[in-house]
Amino acid sequence: MGKNDIDSRTKRSLLRTMVRIREFEDSVGEMHLRGLTAGSMLHLSVGEEAIAAGIGLAMQEGDVFTTHHRGHGIFIARGGEMNRMMAEIFGKSDGYCRGKGGSMHIADVHYGHLGANAIVGGNIAIAMGGGFTQNYRKTSNVSVAFFGDGALNQGVLYESMNMAALWDLPVMFAVVNNQYGMGTRIDRASASQEFVKRGESFGLRSLQVDGMDVEAVYQGANRLFEHSRSGKGPTFFICDAYRFYGHGRKDPSPYREKNEEKKWWDRDPIPAYKDTLISADLISDADYQEDLDAAKAEVADAVEFAKNSQVPEENDLYTYVYVDPIDASGTIG
Amino acid sequence: MGKNDIDSRTKRSLLRTMVRIREFEDSVGEMHLRGLTAGSMLHLSVGEEAIAAGIGLAMQEGDVFTTHHRGHGIFIARGGEMNRMMAEIFGKSDGYCRGKGGSMHIADVHYGHLGANAIVGGNIAIAMGGGFTQNYRKTSNVSVAFFGDGALNQGVLYESMNMAALWDLPVMFAVVNNQYGMGTRIDRASASQEFVKRGESFGLRSLQVDGMDVEAVYQGANRLFEHSRSGKGPTFFICDAYRFYGHGRKDPSPYREKNEEKKWWDRDPIPAYKDTLISADLISDADYQEDLDAAKAEVADAVEFAKNSQVPEENDLYTYVYVDPIDASGTIG
Amino acid sequence: MSVMMYREALRLALYEEMKRDDRVFLAGEDVGSYGGAYAVSRGLIQEFGSERLVGTPISEAAIIGMGIGAAMTGLRPVVELMYIDFVGLAMDQIANQAAKFRYMSGGQLKIPMVMRMQGGTGRSAGAQHSQSLEAWLVHIPGLRVVMPASARDARGLLKTAIRSDDPVVFIEHKGLYAKKEEVPEEEELVPFGKARIARSGSDVTLITYSRMVYTALEAAEEASAGGIDVEVIDLRTLNPLDYHTIEKSVRKTGTVVVAYEAHRNVGMGSEISARIGEELMDVLKHPVVRIGGKDVPIPATVLEKYSIPQKQDLLEGIEQAAGR
Amino acid sequence: MSVMMYREALRLALYEEMKRDDRVFLAGEDVGSYGGAYAVSRGLIQEFGSERLVGTPISEAAIIGMGIGAAMTGLRPVVELMYIDFVGLAMDQIANQAAKFRYMSGGQLKIPMVMRMQGGTGRSAGAQHSQSLEAWLVHIPGLRVVMPASARDARGLLKTAIRSDDPVVFIEHKGLYAKKEEVPEEEELVPFGKARIARSGSDVTLITYSRMVYTALEAAEEASAGGIDVEVIDLRTLNPLDYHTIEKSVRKTGTVVVAYEAHRNVGMGSEISARIGEELMDVLKHPVVRIGGKDVPIPATVLEKYSIPQKQDLLEGIEQAAGR
Ligand SMILES: Cc1ncc(C[n+]2csc(CCOP(=O)(O)OP(=O)(O)O)c2C)c(N)n1
Ligand SMILES: Cc1ncc(C[n+]2csc(CCOP(=O)(O)OP(=O)(O)O)c2C)c(N)n1
Ligand SMILES: [Mg+2]
Ligand SMILES: [Mg+2]
């Protein structure tokens, strides 16, 4: 097997991860339509699973990351526990953020998740700071900032890429390019689409891949991580995919051509990859069915868990504003 | 004479403009050392005159611009009146800003100067907005943002370049690259020096020239303005020069190698260009002397004017906060 | 009079002003064919085209900066930040540039720009999409700050804002867009610096603005059932502040409740309470009661409602102020 | 005790804490070999190297964001904005990210980061280099805000800030760096939330912070010559606010002057005045007198001094409060 070949276990993992994400997202979307989730906002990453799985599986223990507002899939690929995710999205006390964060602010220090972020581009410099620590401590870990194509026009991205390149920080700037920022198609937001050049011009090793091809993403991520883990500095990774649903689950995307949607749906990364693996005899139909059933069961459990979890109480409002207690004489200003 | 040749009148103007700037800057620096200027900050553009003259003379009536904190020279090249500049720097009532702005906030609507800015990068988007108006009104004017190499790492630059390119705005992003941002040499601030690529990757026509060569700057600016005036969109123009004095007039620049300083002083754009023009018989020694004397007289007048102008009074504090008067019942919150 | 939603009233103002003056344009994220995140500008692009309904990239600092430059050179931009929560990305442009350039240039430059943005709770959208950050803006001289509560004021104040030669921060409330109210057919400009007596009363002065006006009116109705007659003042503009109307009412009632949705600490209500305490102590029968949002980030989910004043809180405040 | 300048006291705190804990580092523009715009970190790079004295590009948002990420992953960053006036470039990172992530993550993440910045007038540096913007920061829950006046507190509070597990905004005053005062030889940590009685007195309570403490002390001396005994409270930390000390003093004197350099409108003084008016009206012999910076951009040049309270203004305020 060549250096860049992917072993069959990993291939099955890539597929399984995508399936788990899809099942979770479909279910959480359904729950949202039924009014069971808290909050008005729910952004699904259906259509982007190959990016989450491909980069997520190329990451290692000790790596850290931040995501944008469309981050469920990425976190699942990094180990996120569906129970606590679902409970958080339901706004419950057993959720990752005890019902304070909701869908857009899930975090889990344990798995290196430094937080999803509802400010477009807001998470990028934070991930760069994670890379600062890794460099300061001379680890061989990496830090990944996941963000959408919309964030390509937030200035803080370029400030962060420059700093990372200046200090050779092990940071990947990973663009989940789903072609739209809300109703704005990428060519109405970015004058030039030569994104690889943008990264290179700041001194980053840069690469663009088909984000519907999970193996291309996985191999690309591995190559780029190798670069960073060996001390050569940051990378810029653009993965092209599509947002199958609307901006929020309820957005019917009237601003998109139905043709365009169909073209991308036809490239759905999951069935294609399943067929590839089965035709290549790397997995059997039964293997796939087993993984699918397990994913469905995991998601169903998560829904039950979330339903049964408690709603936070008024007093919970006041916890976790600060770490340090202030002694009795100091009222909080 | 070929299309890109410069006629001798213009050549003399380029030299004269540089001389006028140098005389002004030397004098204002002297006044600062003598304690006659208001405020603790004074940033001289000595060493950068070829950029101011070269771009300034390529601009036309109706063009607008904004500058960074080191903008005296640029404004002189665009017609700035030394009297009112000097008075402003002295903090006097006859100054451009009636003594409210000081060296770092000089503006003059009449000459299209939308303001010097003390926030690194703060003026860039404003100039882009000037270009928006020119485009909206379908004029063939341009708008120029002048800023230093330090601003190359402010995110708003990239946001602005992208917007300008997206809408084909007639904006020039002009980098007065003097190799340092305060004590930080450019290679300690910018990971990659391939600035032309940065501009190109956002879709801007981009060019880098020797900013000590006034003709190179002038010709480059003309080419780039032609591009914008004909509706082809924004440009990115990097001009390499050197800050002969310190960051502020009183900064002895201990962080710079004396060798390096000498190397650049040896390339002082003024004497070299004078010699070129005289040896080519385009001007005579007497012409030069006449221009120099006129510049000296103009500066001396400005100093007199500034000295004799009144100091603002306490009541002036309250004028020009707002345009619209508020009727008697509304106290200002 | 015709009945329309707050968002429609805003759209009407934009429409009228853009028709009247072709220097006026609207720029912001998804304001064009998408029609704005809260559908305020829906349909306007058909009328005015993409030259004047300018959909921008997600670049808040450059959006405001562009507006400043366009305003300095003779246009009258209306720029939009989708949520006031994003104002932190553009505070340099707003507070250091837009607010100060007229002054710094000694009166040479003017910046007739309206910065529309939208804030407040009500959609459990979490700590980064629910804030009320008007205090930051009112603190900065050189800006005007407008926060309409009613559809009628939304239209009349937006028109005044667009005609103002100063930079105006115009803050809408996400919980009000669908609220229907009467709006005059004929053109109406609502002046800056004039508060509105939303309900007149004689026992307690309740001072508030934006969506909290409705909570205040409900609380006032309930209090009146209990025999406390509450006067509700809708400030409408926070800068200029109509202190004159406040003073008149306080001289009449001698009792004050100030209510606001923003964090309580160093908020607009702090200024109002301070000023009344400083200037009207002699007429106060009871100390000012101040009810603000809690000093915690705003939680997504069900906790959200505890973080901002509810009718019950206002009622208790009214009773406390009235000495019950 | 040894006598040192405010800037040296800050340097001492940085030195001590960096020696004690190798997770502590300083990052900001020109903090390395240049030694900081106000020479606070001068010489430290020789001791700690460029890994821990990190000179950055001019990228304020990324500087703060980098600090947040570094803090979340176990380091203890001290990041510097050269002037508080630049905070508008980074307010999203400060107020939406640093302040909120602990809360939004349900207590999982912590951000032990100090954000040093420097503000105030005194160098006629103009409207974009002279501001006092603490009100913006105190308004946001999740941040601590510290503003030392004395060299001793500068050192002791910076050490406490570095050891705090919360994000702390640490605001120095450009007019104080060269001021010399006694600082103990031994290590000293000054706690958050404890104001300092800078001068005790019995007639008037004068509440202030940062450089205005010195103006207050001068005014107090002059007032005492006229028979008014003024107690000067130096708040030291604005969040947490030591209301306990304020209350005790006001109960004693019954008269209050609040003085601050920031714009008066919706400033820290508004909150203090409001709170005293609301909670201590019964003990007030005279309404609170509030003296803030003028609500105009701060002019460069000679006009600067008129824009902020001078000793004479404080004296008049004291006399007014004392009923003279
Ligand atoms: C700074 C900021 N501006 C605007 C928004 C509103 N907004 C939320 S998501 C979004 C589109 C983002 O597009 P992209 O980055 O491509 O992510 P996607 O939603 O496509 O995954 C916008 C404009 C925001 N949350 N933050
Ligand atoms: C946003 C911002 N950050 C920092 C500063 C402090 N500062 C003033 S000038 C300067 C260096 C700017 O370098 P450059 O842009 O190259 O301009 P130059 O001074 O070299 O002309 C710095 C850091 C500032 N004024 N604004
Ligand atoms: Mg997208
Ligand atoms: Mg420079």
Side-chain angles (χ1 to χ4, degrees), chain B residues 64 66 88 93 95-102 104-110 112-119 121-137 143 155-156 158-160 162-164 166-167 169 319-324 326-333, chain C residues 23 25 27 51-52 54 56-75 77 89 92-93 96-97 99-112 138 141-142 144-145 163-166 191-194 237-245 268 271:
Chain B
V64 299
T66 63
E88 186 57 38
S93 290
Y96 264 114
C97 316
R98 298 170 188 263
K100 290 176 174 185
M104 293 200 291
H105 302 297
I106 289 174
D108 184 345
V109 235
H110 184 70
H113 190 351
L114 307 181
N117 212 304
I119 301 294
N123 64 309
I124 295 174
I126 299 175
M128 189 263 290
F132 184 92
T133 299
Q134 289 156 342
N135 186 55
Y136 192 91
R137 294 209 161 131
S143 178
V156 72
Y158 301 97
E159 297 186 2
S160 302
N162 180 61
M163 260 190 208
L166 193 60
W167 300 324
L169 305 183
T319 51
Y320 306 118
V321 183
Y322 296 99
V323 182
D324 288 339
I326 291 301
D327 86 22
S329 77
T331 27
I332 290 168
Chain C
R23 296 169 304 174
F25 69 94
E51 294 77 29
R52 297 179 68 195
V54 184
T56 66
I58 310 174
S59 307
E60 280 75 9
I63 292 170
I64 303 286
M66 185 270 272
I68 298 170
M72 283 178 172
T73 48
L75 301 184
L89 295 162
D92 181 68
Q93 290 297 321
N96 277 337
Q97 315 301 341
K100 294 184 176 37
F101 252 111
R102 177 162 188 74
Y103 193 82
M104 293 192 305
S105 70
Q108 292 185 79
L109 296 167
K110 66 178 183 183
I111 299 152
V138 182
R144 297 299 187 192
V145 182
R163 296 190 196 184
S164 166
D165 276 338
D166 293 308
F192 286 1
K194 295 251 189 241
T237 63
L238 304 188
N239 177 346
L241 176 69
D242 181 3
Y243 186 70
H244 183 72
T245 295
M268 187 65 205
E271 177 67 25

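Throughout, a chain's letter reflects where its sequence line sits, starting with A, and its residues are numbered from 1. Both backbone and side-chain heavy atoms feed into the values below; hydrogens, waters and symmetry mates do not.
For chain C, the nearby part of T319(B) is the backbone; its heavy atoms alone come within less than 4.5 Å. Heavy-atom distances place the side chain of Q97(C), and not its backbone, under 4.5 Å from chain B. Both the backbone and the side chain of T56(C) come within contact range of chain B, judged by heavy atoms closer than 4.5 Å. Only the backbone of A116(B) comes within less than 4.5 Å of a heavy atom in chain C; its side chain stays farther off. Using a 4.5 Å cut-off between heavy atoms, V64(B) contacts chain C through its side chain alone, with no backbone atom that close. Looking at L169(B), neither its backbone nor its side chain comes within 4.5 Å of chain C, counting heavy atoms on both sides. For N135(B), no part sits under 4.5 Å from any heavy atom of chain C, backbone or side chain. Contacts of V54(C) with chain B are made by side-chain atoms alone, with heavy-atom separations under 4.5 Å and no backbone atom involved. For Y136(B), the part sitting under 4.5 Å from any heavy atom of chain C is the side chain, from C-beta outward, and nothing else.
For the set A118(B), A164(B), A125(B), the entry with the most heavy-atom pairs within less than 4.5 Å of chain C is A125(B). Heavy-atom pairs under 4.5 Å with chain B were tallied for D166(C), T73(C), L89(C), T237(C); the largest tally goes to D166(C). With respect to chain B, the highest number of heavy-atom pairs below 4.5 Å among Q93(C), K110(C), E60(C) belongs to Q93(C). Note on T133(B), L166(B), V156(B): by heavy-atom pairs under 4.5 Å with chain C, the leading option is T133(B). Chain B forms more heavy-atom pairs under 4.5 Å with one residue of I63(C), D92(C), I64(C) than with any other, namely D92(C).
Judged purely by atom type and a 3.5 angstrom limit, S59(C) has no side-chain atom pairing as donor or acceptor with the backbone of E159(B). Judged by distance alone, the side chain of N239(C) and the main-chain N or O of V138(C) form no donor-acceptor pair under 3.5 Å.
With contacts defined as side-chain heavy-atom distances shorter than 4.5 Å, the pair D324(B)/F192(C) does not qualify. R102(C) is not listed as a side-chain neighbour of Y322(B), based on a closest heavy-atom distance of 4.5 Å or more. Residues W167(B) and M66(C) form a side-chain contact, since some pair of their non-hydrogen atoms from C-beta on lies under 4.5 Å apart.
Note that SG of C97(B) is 8.5 Å distant from CE of M104(C), once rounded to the nearest 0.5 Å. How far CG of N117(B) is from CG of N96(C): 8.0 Å, rounded to the nearest 0.5 Å.
Minimum interatomic distance between F25(C) and A70(C) (heavy atoms only, all atoms of both residues): CZ-CB, 4.0 Å.
For the pair K194(C) and D242(C), the salt-bridge criterion is not met [side-chain N within less than 4.0 Å of a carboxylate O].
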